[in-house]
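Shown next, in structure tokens, is the structure this report addresses.
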Amino acid sequence: MKYWLMKSEPSDVSIDYLSQLPKQTIEWYGVRNYQARNFMRDLMNDGDLAIFWHSSCREPGVYGIVKVEGAVHPDSYQFDPGSKYYDASSTTTNPRWWCVDVKLVKKTKYISITELRKYQELSEMQVLKKGNRLSITPVTKTEWEFISNLLQN
DNA sequence: GCCAACGTTGGC
DNA sequence: GCCAACGTTGGC
């Protein structure tokens, strides 16, 4: 099993929105970056765990834990001409954008990006690095366990 | 709202 | 295949 961090803009999909969905499960639509797509398409597996992160907001940071549910599939929004994620050059026979579904495992206490930056143990964490823009990044087992401990305190 | 960082586009 | 221009991301 692998560990990930997945960013979401709370004005789009927030942790509270996710927790109010009937199955607390959502398609991780809208990723239009090849590296992030490849993580989902090629490396994610059913049962992988991810940190749910709010970005582009007043209080960026950790808000919960989610789990990958089922298999990777084409992002449905790429075929919807009314969506801002529509991609006219993608076809159903050869889709360009892929994604997974994630299910909420639990809402956690909030840990701010400012706090996370204080820990030497997390100094190599992708999301904390200068210039980081990737919306999906791998998290090491060590980082995962360190953050799990923070969440228990 | 600023702006550094970085990905993508497209002319050559 | 280089690289300048452009667009987007996202913390602050």
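The analysis underlying the following values was restricted to heavy atoms, covering all of them including side chains, and did not include hydrogens, waters or symmetry mates. By convention in this document, chain letters (A, B, ...) are assigned in the order of the sequence lines, proteins followed by strands, and residues within each chain are numbered from 1.
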Checklist line | Inter-axis angle, terminal five-pair segments of the helix from B:dG1-C:dC12 to B:dC12-C:dG1 [nearest 10°] | finding: 10°

Check: Which nucleotide in the list B:dC6, B:dA4, C:dG10 gets nearest to the side chain of A:Glu9?
Finding: C:dG10

Notebook entry, point to check: Please give, in whole Å, the distance from C:dC12 C1' to A:Glu59 CD?
Noted result: 14 Å

Notebook entry, point to check: So with a 6.0 Å cut-off around NZ of A:Lys106, is the heavy-atom count from everything else above 12?
Noted result: no

Note to self: Hydrophobic clusters here meaning ILVMFWY residues chained together by side-chain heavy-atom distances under 4.5 Å, can you tell me if A:Val62 and A:Ile15 are in one?
What the structure shows: no

Check: Among the nucleotides C:dG10, B:dA5, C:dC12, which one has an atom lying closest to any side-chain atom of A:Lys130?
Finding: B:dA5

Checklist line | Rounded distance (Å) that lies between atom P of C:dG10 and atom CD1 of A:Ile136 | finding: 11 Å

Notebook entry, point to check: Any idea how A:Trp144 and A:Tyr3 line up, ring-wise: parallel (<30°), tilted (30 to 60°), or perpendicular (>60°)?
Noted result: parallel

Notebook entry, point to check: Nearest of C:dG11, B:dG7, C:dG10 to any side-chain atom of A:Arg117?
Noted result: C:dG11

Notebook entry, point to check: Which nucleotide in the list B:dT8, C:dG10, C:dG11 gets nearest to the side chain of A:Tyr34?
Noted result: B:dT8

Next item on the list: For the pair A:Tyr85 and A:Tyr77, name the ring-plane relationship: parallel under 30°, tilted 30 to 60°, perpendicular over 60°.
Entry: perpendicular

Check: Between atom CZ in A:Arg37 and atom P in B:dT8, what is the gap in whole Å?
Finding: 10 Å

Checklist line | Between A:Tyr34 and A:Trp97, ring centroids under 6.0 Å | finding: yes

Notebook entry, point to check: Of the candidate nucleotides B:dC6, B:dG7, C:dG11, which contains the atom at the shortest distance from the side chain of A:Arg133?
Noted result: B:dC6

Checklist line | Sugar-phosphate only, base, or nothing, as touched by A:Arg58 at under 4.0 Å among non-hydrogen atoms | finding: nothing

Check: More than 12 foreign heavy atoms under 6.0 Å from OH of A:Tyr86: is that the case here?
Finding: yes

Next item on the list: Side chain of A:Ser55 only, please: which of B:dA4, C:dG11, C:dT9 is the nearest?
Entry: C:dG11

